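Report on the structure given below.
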Amino acid sequence: MKHSVRAVIVEDGKLLCVKLVDCADDGQFYYYMLPGGEALKIENIFDATVRHCLDKVNLKVKVHDLLFVRDYKTQHYNGHELQVVHETEHIFLCHVLQKRDELWGTNPEENQIGVEWIPIRDLTEYEFSPPELSHVISSFCKGEIVDIYLSE
């Protein structure tokens, strides 16, 4: 099982997201994700969240509440064959400890092309990965009751 983390960072009605690009035969496809990534075996999920925020968006954060646990299966190519991997993702509410002018981390995603603040009221209109998460975050930010456990 693989464990990963994501950060929900909200300021002035906007959600901080990384912007990524995928190239396909018919052109480029842009989408957004929460900053985060895989937790290393030697670190706890809180330290992993702090590290990924520095790596991806150049922000030092304090990890607060666990908002969601996302449980899903994905396919990974291990060099010889396609394998199904069970993943658990912990999504935390984080607060910025130190503002930065440059929102670009030292170790961004391979296909990361930017960092953007997206208005929460428009979040569901953006290509967000996974799409279901944009609806849950939008509802949470509106004060609606949402499930903490997200299963796909």
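Reckoned from all heavy atoms, side chains included, excluding hydrogens, waters and symmetry mates. Treat the numbers as computed from the prediction; the structure is a model and nothing was measured.
Electrostatic pairing of Arg51 and Asp47 does not count as a salt bridge here, judged by no charged N lying under 4.0 Å from a carboxylate O.
Checked against the 6.0 Å centroid criterion, the rings of Tyr149 and Phe68 do not qualify as a close aromatic pair. Within the 6.0 Å centre-distance limit, the rings of Tyr126 and Tyr32 are counted as a close aromatic pair.
No side-chain heavy atom of Ile137 sits less than 4.5 Å from a side-chain heavy atom of Val146. At a threshold of 4.5 Å between non-hydrogen side-chain atoms, the residues Cys94 and Thr49 count as touching. By the 4.5 Å heavy-atom criterion applied to side chains, Pro35 and His52 are not counted as neighbours. A heavy-atom distance below 4.5 Å is found between the side chains of Leu20 and Glu109.
Ser139 contributes no side-chain N or O that, together with a main-chain N or O of Val136, makes up a donor-acceptor pair within less than 3.5 Å. When atom types are taken as modelled, the side chain of Gln112 and the backbone of Lys19 share no donor-acceptor pair closer than 3.5 angstrom. No donor-acceptor distance shorter than 3.5 angstrom exists from the side chain of Arg6 to the backbone of Ile91, with no hydrogens or angles considered.
Scanning for salt bridge (Lys or Arg N to Asp or Glu O under 4.0 Å) contacts around Asp22 gives an empty result, with sequence neighbours left out. Checked against ring pair (Phe, Tyr, Trp, His ring centres under 6.0 Å), His64 has the following partners two or more places apart in sequence or in another chain: His95.
Taking hydrophobic clusters as Ile, Leu, Val, Met, Phe, Trp and Tyr residues chained together by side-chain heavy-atom distances below 4.5 Å, Leu103 does not share a cluster with Ile120. A continuous path of ILVMFWY side-chain contacts below 4.5 Å connects Val69 to Phe46, so both sit in one hydrophobic cluster.
Within the structure, side-chain hydrogen bond (donor to acceptor under 3.5 Å, both in side chains) pairs that include any residue of residues 9-18 comprise Glu11-Lys99 (at least two apart or interchain).
In this structure, CG on Asn58 lies 12.0 Å from CG on Asn107, to the nearest 0.5 angstrom. Rounding to the nearest 0.5 Å places CZ of Phe92 at 10.5 Å from CD of Glu89.
Considering Leu15, Val10, Ile9 in turn, Ile9 is the only one that fulfils the side chain to side chain contact (heavy atoms under 4.5 Å, CB included) rule with Trp117.
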